[in-house]
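Have a look at the structure below, then the notes.
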Amino acid sequence: MADKRFLSSAFGQEESGVICQGLTRRGLLAGAMGLSVAALLPQGAKAGIVAPEVLPLERQDYAEARQHFHTRLLRKMAAPEKSSALGTPPGAERVTYPGGPDGSIELVAWLSHYQPSKTPKPAVLFLHGGNATGDGHWALMKPYWEAGFVVLLPSFRGENGQSGNYSGFYNETADALAAATYLENLPGIDKKRFFIAGHSNGGTLTLLAAMSRKFRAAAPMSAGVNSWRYFNRYSDEICFDETDEREFIMRSSVCFGPSLKCPALLLRGEEERPFDADHQLFVDRALMSGFKVDKKLLPGTHNGVVPGAVVESIRFFNGFA
């Protein structure tokens, strides 16, 4: 059987089933979050994870819940995608940030070139798709810096030969939050115009991060909201105690919708798996936060939608003074 893990150097087609050169695995995988279990499983297969008939609605704030919950990793593993050591793509400065939550892991990130000035600059933290970081992710960031944003694209624990164990969204959220702290504290960054976006599994992390702390606005692209469905499909990535329902709850933004801490625009491609009942449930619950939450379809497949979604996110972010 061919190895299904690929180094990310560009994005490719997902819907056709043809993996283009450099396809981001997280970009391929995370669009599946939100599908029904029956649709996700191979023909003849049975679901191994029983999801609740009604997805729980947690009353505790997600940020507070994270302070008291620690994922229990039963299997120590690197991020599940073949990858090579990170270089420095054109237009980027290679920096390192202390991975979360305790800063014990030094991780690589790519920062757009900018000169601090008396006028603070808006910034975007962009969370990539796939389970590895590649030059193709960075190439998609160009519209942000051309529009005047400083952009940081972090890698996560266990990716590209780096330290740390893959956890399936939970500790990676801590890394994303640590990267946010790093970016907003750089000289010349406007903390009042500090945004977050991400694609596919990075979109999933975008929602979890935006429920953990304040951003000015969030633009998750092709995000999943239900971890039971994801891990039913990709059970080989389960490294935590699957008998503990709390492990799934803490990885599912739909369970913490009222914890959203900023306006959000959910973006998705017209040719990929559509917004489903779980996404609508997330929107309905997130509106309880008091922030405006919208969703919008754009032309394109799961991976092909990204350039247009980046442009749409810029329009969305520019609406916040």
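A salt bridge is absent between Asp244 and Arg72: the closest approach of a Lys/Arg side-chain nitrogen to an acidic carboxylate oxygen does not fall below 4.0 angstrom. Contact check on Asp190 versus Lys121 returns no salt bridge, with no Lys/Arg side-chain nitrogen under 4.0 Å from an Asp/Glu carboxylate oxygen.
The aromatic rings of Phe69 and Tyr170 lie perpendicular to each other, with more than 60° between the two planes, well past the 30° mark.
In this view, Ser155 and Gln162 satisfy the side-chain hydrogen bond (donor to acceptor under 3.5 Å, both in side chains) rule, not counting sequence neighbours. Annotation: side-chain contact (heavy atoms from CB on, under 4.5 Å) contacts of Pro299 (sequence neighbours excluded): Glu270. Evaluation of the side-chain hydrogen bond (donor to acceptor under 3.5 Å, both in side chains) rule for Glu93 yields no partner, not counting sequence neighbours. With sequence neighbours left out, Arg315 forms a salt bridge (charged side-chain N to carboxylate O under 4.0 Å, His left out) with Glu312. The side-chain hydrogen bond (donor to acceptor under 3.5 Å, both in side chains) check on Ser212 picks up nothing, with sequence neighbours excluded. The side-chain contact (heavy atoms from CB on, under 4.5 Å) test applied to Ala123 returns Val150, Leu183, Ile189, Phe194, not counting sequence neighbours. For Ala176, the side-chain contact (heavy atoms from CB on, under 4.5 Å) criterion is met by Leu127, Phe156, not counting sequence neighbours. Residues passing the side-chain contact (heavy atoms from CB on, under 4.5 Å) test with Asn185 are Thr181, Lys191, sequence neighbours excluded.
If you check the side chains of Glu159 and Ser83, you find no donor sitting under 3.5 Å from an acceptor. At a cut-off of 3.5 Å, with distance as the only test, no side-chain donor of Arg273 or Ser222 sits close to an acceptor on the other residue. Between the side chains of Tyr230 and Glu237, at least one donor N or O sits under 3.5 Å from an acceptor N or O. A donor-acceptor pair shorter than 3.5 Å can be found between the side chains of Asp241 and Thr243.
Within the structure, the side chain to side chain donor-acceptor pair (under 3.5 Å) test picks out the following pairs touching residues 50-59 (sequence neighbours left out): Glu58-Arg246. Identified under the side chain to side chain donor-acceptor pair (under 3.5 Å) test for residues 282-294, with sequence neighbours left out: Gln280-Asp284. Among residues at least two apart or in separate chains, side chain to side chain donor-acceptor pair (under 3.5 Å) pairs with a member in residues 99-111 are Asp102-Ser104.
A distance-only check finds no donor-acceptor pair linking the side chain of Glu271 to the backbone of Thr301 [under 3.5 Å].
At a threshold of 4.5 Å between side-chain heavy atoms, the hydrophobic network of Ile, Leu, Val, Met, Phe, Trp and Tyr places Leu107 and Leu177 in two separate groups.
Residue-environment remark: CD (Glu146) exceeds the threshold of 12 foreign heavy atoms within 6.0 Å.
Leu73 is listed as a side-chain neighbour of Ser167, based on a closest heavy-atom distance under 4.5 Å.
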Atom pairs and distances, side-chain donor-acceptor, residues 254-264, under 3.5 Å, sequence neighbours left out:
{"unit_1": "Ser259", "atom_1": "OG", "unit_2": "Tyr62", "atom_2": "N", "d": "2.9"}
{"unit_1": "Lys261", "atom_1": "NZ", "unit_2": "Asp61", "atom_2": "OD1", "d": "2.8"}
{"unit_1": "Lys261", "atom_1": "NZ", "unit_2": "Asp61", "atom_2": "OD2", "d": "3.2"}
{"unit_1": "Lys261", "atom_1": "NZ", "unit_2": "Met211", "atom_2": "O", "d": "2.6"}
{"unit_1": "Lys261", "atom_1": "NZ", "unit_2": "Ser259", "atom_2": "O", "d": "3.0"}

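Distance check: Thr173 OG1 to Phe169 CZ gives 8.5 Å after rounding to the nearest 0.5 Å. Considering NE2 of His137 and NE2 of His128, their distance stands at 6.0 Å, rounded to 0.5 Å.
By the 6.0 Å and 45° rule, Arg193 does not stack over the aromatic ring of Phe195.
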